[in-house]
Amino acid sequence: MSLLAAGIAAGLAALGASFGIGMVVSKTVEAVARQPEARGPLQTIMFIGIGVVEAVPIMAIVIAFLLMFTF
Amino acid sequence: MEHGTPTFTIDLFGLPVMFDLSTSLMIIITCLIVFFVFFFMTRKLAVRPTGKPQVLMETLMNFVKGMISSNMAWKQGGKFHFMAITLIAFIFVANILGIPFTIILPDEAHTLWWKSPTADPTVTLTLAGLMIVLTHYYGVQMQGMGNYVKSYFQPMWFMAPIKFIEEFTYNLTLGLRLYGNIYAGEILLLLLVSLITTGGILGAVGGFIPLMVWQGFKLFISAIQAFIFVMLAMVYLSHKLSDDH
């Protein structure tokens with residue numbers, strides 16, 4: 001049962017994270033296409049944004065590991 | 001997949017304080033690698049760079065300088081230059097140590113001795129906590145105690161509890177992001193290796209290419225995570241330093 005819970009938690013986290021990161025990257029690609037000379041700063045901002053988005057699914061993964069190993 | 005950890009417990013006034021020996025060993029190895037790489041790459045310095053080591057070091061310094069100056073004025077942020085270089089080098093080396101191989105002793109507990117030290121939440125949360133405490137220290141030092149306390153009530157007075165909780169969230173996300181990325185990567189590496197070693201001829205053929213691809217991708221993740229950690233530490237520092245809101 002806890003394995004199932006861990007699987008659901010990890011899967012939903014991956015789903016949300018992929019949508020969020022996809023949105024960040026697609027907007028960055030649009031911005032770079034519009035203004036190619038701003039590529040460097042935009043890339044930095046993109047990586048920060050990805051890092052911020054990624055924090056939440058990573059916590060879900062930690063919860064999944066907790067479910068798997070402790071319960 | 002269960003691996004034992006070599007632990008060493010001392011009794012501190014009735015409280016058991018547990019040390020993870022493999023993590024401690026890997027931190028010492030990381031420190032030695034970083035120290036000797038930087039030591040030998042900065043021996044023959046010249047105004048006109050003659051070899052690759054100095055050019056590499058200068059590239060790293062300029063890269064970190066760009067990271068800091070994209071967040072705060074160089075007059076304020078210049079004092080964090082060497083701290084940021086040390087941090088990014090330490091985290092990067094710590095992240096990539098677990099990629100090439102791992103050492104698991106063949107005893108019944110399967111003691112894991114060689115891993116990334118950042119695949120341990122205590123290490124990453126300690127690093128993150130260190131950075132957060134540093135932001136508060138420099139926040140008080142640069143803008144004074146009064147302005148520091150006032151910054152909690154800044155947009156509106158009822159924002160104070162949220163701003164207070166935010167500090168703990170910063171610590172948690174900064175540490176757990178690094179830990180989660182590195183630990184998940186190591187788990188997948190171990191899974192692929194066990195597929196190759198126990199999956200017969202089909203597993204060996206099928207697992208070899210994904211293992212190599214994942215090792216390359218993990219190198220990329222390691223660099224990105226070291227970059228994001230230092231970048232976000234600098235962003236949090238600049239939040240505390242700036243007095244214009």
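Proteins get letters first, then strands, A, B, ... in listed order; numbering begins at 1 in each. Side chains included, hydrogens not; waters and symmetry mates left out as well; all remaining heavy atoms used.
- The structure places OG of B:S70 at 8.5 Å from CD1 of A:I45, a figure rounded to the nearest 0.5 Å.
- Both the backbone and the side chain of B:L176 come within contact range of chain A, judged by heavy atoms closer than 4.5 Å.
- By the neighbour-count criterion of 12 heavy atoms within 6.0 Å, atom CZ of B:F101 is densely surrounded, having more than that number from other residues, nucleotides or ligands.
- The number of heavy-atom neighbours closer than 6.0 Å to NZ of B:K79, taken from other residues, nucleotides and ligands shown, is above 12.
- With contacts defined as side-chain heavy-atom distances shorter than 4.5 Å, the pair B:M67/A:T44 does not qualify.
- Residues A:F47 and B:I228 share a closest heavy-atom pair of O-CD1, 3.4 Å.
- Using a 4.5 Å cut-off between heavy atoms, B:F229 makes no contact with chain A at all.
- The contact between B:T173 and chain A is made by backbone and side chain atoms together, counting heavy-atom distances below 4.5 Å.
- In this structure, CD1 on A:I48 lies 6.0 Å from CZ on B:F227, to the nearest 0.5 angstrom.
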